[in-house]
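Below: the structure, in structure tokens.
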Amino acid sequence: MTIKLYNTLTRKKEVIKPISGDSVSMYVCGPTVYGHPHIGNARAAIVPDILYRLLRSKYGSVKYIRNITDVDDKIIKASKEEGISIDKITSKYTKVYNDNMADLGNLKPTHEPKVTDTISKIISTIEKIIKNGNAYVIDSHVLFDTDSFNNYGDLSGKKLEEMLDGVRIDNAAYKKSSRDFILWKPSEDNTPGWESPWGKGRPGWHIECTSMIKDILGDDTTLDIHGGGNDLIFPHHENEIAQGSCISREKYCNHWFHNGIVLVDKRKMSKSLGNVILLNQLFKNNDKATIRVALLSAHYRQPLNWTSRTLDNALNLVNKIRGSINPEINSDEQVQTEIKEILSDDINTPLAFKYLSDLTKSAKKNVKDSAILLQSCSFLGLDFQTQLKRMEPSKLLTVKIENLIQKRNELRNTGRYEEADAIRKELIAIGVTLKDNNGQTEWELDPNS
RNA sequence: GGCUAAGUGGCAGAGUGGUAAUGCAGCGGCCUGCAAAGCCGUCAACGCCGGUUCGAUUCCGACCUUAGCCUCCA
């Protein structure tokens, strides 16, 4: 199996070729922890999760790094607004994020560094960039000198002159060029800060990712894969490349991938539009596998337009799969080659769902296909086996339901259909669906009830 | 204004240099007391205009439209 992935840097699909044989490294920009995660955060975790599963099935060693940004002006603002200390905000929302991502079926990354644990590395990284002549210190700020790096703009396809035209905000007085970005900025007494050669301050946003990568891999190691949301290409990743390329002669990163954004009714989620969909809201009325399917239903590079029907469509597939898995199967045999092949072509999840949908037809009759279906779902992070077990109702409930069904069938047999339908309604109300087939009444419990 | 992507049936969404998966919805049928589920069948689409080609939806160019980025953002 060769894993092909679109590379934003070259704008082509390319085979992933790790620098060192059987081990591969991947870094993904994680969340800033100041609020409840939304479906956009979820997509940005689920997409790399699928890639991680592929990588780990092929390579002996995979480093999967996802950071936690726990120093940021938005956090400071949230702390003031909520009247809670910064530590409490960040620890609370770090936990919420990790719990939510696990709930959605994501594997834990191998490394989850926090900015606050990486300050000394950030400072030494900045010192190195200054020493190499790519940054300057002014008024307790450290700024990256974009003019000193001549590949600036390669990732986003922007030209230096054009960038200056588009600047809408006033150029801060201390900047040599409006493109220059902050590596370190001063903190007042009431904002978090650390002692540094440039006074008490805190890191800028972009430098943290680069420092964490270098902290884990070493300054002179090229990162194999770097991912994140589409909206991070510029300026965040552009700036990372600039900094990272000034630390070492080795290339900063070979393969860049970006997932498309989640739109809600064709608009980007934003607080001002009031259309942000939070995971904790969705969790109230939807099961997690359905949400995961919904977020994987579009190809990862396409924008995903979230509408009222998105979850319904996902639920249809989920129900279809659940209904076709033979609960008797218990196969540990690894039969996931086809799903891996499909996914290894640029993470083609919509095609994977077509494959699953095809499998549901044969899975009912064929135990082996049922096992393949279950394992293919499991490879995608959809755990239906455990769910099937959980769906078994208690003895007491079973007896109650079966008594009602018997009563209903007696009524049906004597033609008293109105009374029989009343019982069916009663059962539907508690989440039981009836299916009358060949004189037998089958029933099942809605997994969400 | 610039940059990046995208425009496929009613909706969602793959894919391909030789006319196009799949899901939902629709329609017809089987089944059912009626449903539900399932099964079978069926209708229906490649933004627009040029170019390359025996042939383009697929490649190239222009145009139109949409989204994202250019300011915090997954």
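All chains are named by letter (A, B, ...) in the order of the sequence lines, taking the proteins before the strands, and each is independently numbered beginning at 1. We use all heavy atoms of the structure for the numbers below, so side chains are in, but hydrogens, waters and symmetry mates are not.
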Against the side chain of A:Asp231, the closest entry in B:A21, B:C69, B:C24 is B:C69

Do A:Asp287 and A:Thr290 meet the criterion of a side-chain donor-acceptor pair at a distance under 3.5 Å?
-> yes

Between B:G7 and B:C34, how far is it from one C1' atom to the other, in whole Å?
-> 45 Å

Would you mind pulling out the nucleotide paired to B:C24, Watson-Crick or G-U wobble, both distances under 3.5 Å?
-> B:G10

Hey, does A:His38 reach any base, or is it just sugar-phosphate, or nothing, if we go heavy atoms under 4.0 Å?
-> base

Whole-Å gap separating P (B:G33) and CZ (A:Arg412) | 7 Å

Is atom NZ of A:Lys13 surrounded by more than 12 heavy atoms (other residues, nucleotides or ligands) closer than 6.0 Å?
-> yes

Whole Å only: how far is the NZ atom of A:Lys266 from the C1' atom of B:A12?
-> 11 Å

Picking from B:A14, B:A35, B:A36, which would you name as closest to the side chain of A:Lys435?
-> B:A36

Describe the nucleic acid contact of A:Val28 in one word from base, sugar-phosphate, nothing, applying a heavy-atom distance below 4.0 Å.
-> nothing

Pairwise C1' distance for B:G15 and B:U8, with rounding to whole Å = 10 Å

Could you please name the partner base of B:A37, counting Watson-Crick and G-U wobble pairs only when both distances are under 3.5 Å?
-> none

Pick base, sugar-phosphate or nothing for A:Arg11, based on heavy-atom distances below 4.0 Å to the nucleic acid.
-> sugar-phosphate

Can you tell me how far P in B:G23 sits from the matching atom in B:G13, rounded to whole Å?
-> 16 Å

Aromatic centroids of A:His226 and A:His255 separated by under 6.0 Å | no

Scanning all shown strands, the Watson-Crick or wobble mate of B:A67 with both distances under 3.5 Å is B:U4

When you get a sec, tell me which of B:C69, B:G15, B:A74 is the closest nucleotide to the side chain of A:Asn348?
-> B:G15

Determine the contact category for A:Lys268: base if any of its heavy atoms lies under 4.0 Å from a base atom, sugar-phosphate if only primed atoms, P, OP1 or OP2 are that close, otherwise nothing.
-> base

Where the side chain of A:Lys74 is concerned, which of B:G10, B:G33, B:C72 is the nearest nucleotide?
-> B:C72

Name the pairing partner of B:U58, where a pair is Watson-Crick or G-U wobble with both distances under 3.5 Å, or state none.
-> none

Return the value, rounded to whole Å, for the distance between atom CG of A:Leu317 and atom P of B:A12.
-> 18 Å

Looking at the side chain of A:Asn437, which of B:G23, B:A37, B:C34 is the nearest nucleotide?
-> B:A37

Round to the nearest Å and state the distance from A:Asn230 atom CG to B:C72 atom C1'.
-> 16 Å

When we call it a touch if two heavy atoms are under 4.0 Å apart, what does A:Gly40 touch: a base, just sugar-phosphate, or nothing?
-> base

Does the ring center of A:Trp256 lie less than 6.0 Å from the ring center of A:His237?
-> yes

Just call it for A:Tyr6: base, sugar-phosphate, or nothing, with non-hydrogen atoms closer than 4.0 Å on any strand.
-> sugar-phosphate

Side-chain donor-acceptor contact under 3.5 Å, A:Thr210 with A:Gln243 | yes

Considering only atom P, compute the distance from B:A21 to B:A5 and round it to an integer number of Å.
-> 29 Å

